[in-house]
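What follows is a set of notes on a single structure, which appears directly below.
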Amino acid sequence: MGKDNVKRILVWEKVADFLMDIAKYVLTAVIITSAVEDIGDNGWIKYGLSIAGSGLLLLWGILLHYYKNK
């Protein structure tokens, strides 16, 4: 495995870690925000979008880890 190939794999692993961290931060922000203030009548939309977005980012990060470590 060449040095250039190793750098490419490391970059994608860092991107995967970054995506998983963002997913955690989004969920944490939603939980803290809901604890501090009233989200309102359309709160389920905000919860749904944040959970769906976090899930997609987490899945994308996991898939990047999986395919780059094969």
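Numbering of residues begins at 1 and proceeds along the displayed sequence.
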Query raised in the report: Is any side-chain N of the basic residue among Lys14 and Asp17 closer than 4.0 Å to the acidic one's carboxylate O?
Result: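 Salt bridge between Lys14 and Asp17, a charged N being under 4.0 Å from a carboxylate O: no.
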Query raised in the report: Pairs in or reaching into residues 52-63: which pass salt bridge (Lys or Arg N to Asp or Glu O under 4.0 Å), with residues at least two apart or in two chains?
Result: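 Salt bridge (Lys or Arg N to Asp or Glu O under 4.0 Å) check on residues 52-63 returns no pairs.
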Requested in this report: Starting at CD1 of Ile22, measure out to CH2 of Trp60 and round the result to the nearest 0.5 Å.
Outcome: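 Ile22 CD1 to Trp60 CH2: 12.0 Å, rounded to 0.5 Å.
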Query - Common cluster, Ile32/Leu27, ILVMFWY with side-chain heavy-atom separation under 4.5 Å - result: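 The answer is no; the residues belong to distinct hydrophobic clusters.
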Report task. Give the C-alpha distance, both sets of side-chain angles, the deciding distance and a yes or no for side-chain contact (heavy atoms from CB on, under 4.5 Å) between Leu19 and Leu64. Result -> CA-CA 10 Å; Leu19 290 172; Leu64 279 175; 3.9 Å; yes
Query - Thr33, Ile45, Val26 screened by side-chain contact (heavy atoms from CB on, under 4.5 Å) with Ser50, the one that passes - result: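 Only one of Thr33, Ile45, Val26 forms a side-chain contact (heavy atoms from CB on, under 4.5 Å) with Ser50, namely Val26.
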Report task. Evaluate the side-chain contact (heavy atoms from CB on, under 4.5 Å) criterion for residues Met20 and Leu57: first the C-alpha distance (whole Å), next the side-chain angles of each, then the deciding distance (0.1 Å), finally the verdict. Result -> CA-CA 6 Å; Met20 289 190 285; Leu57 288 173; over 6 Å; no
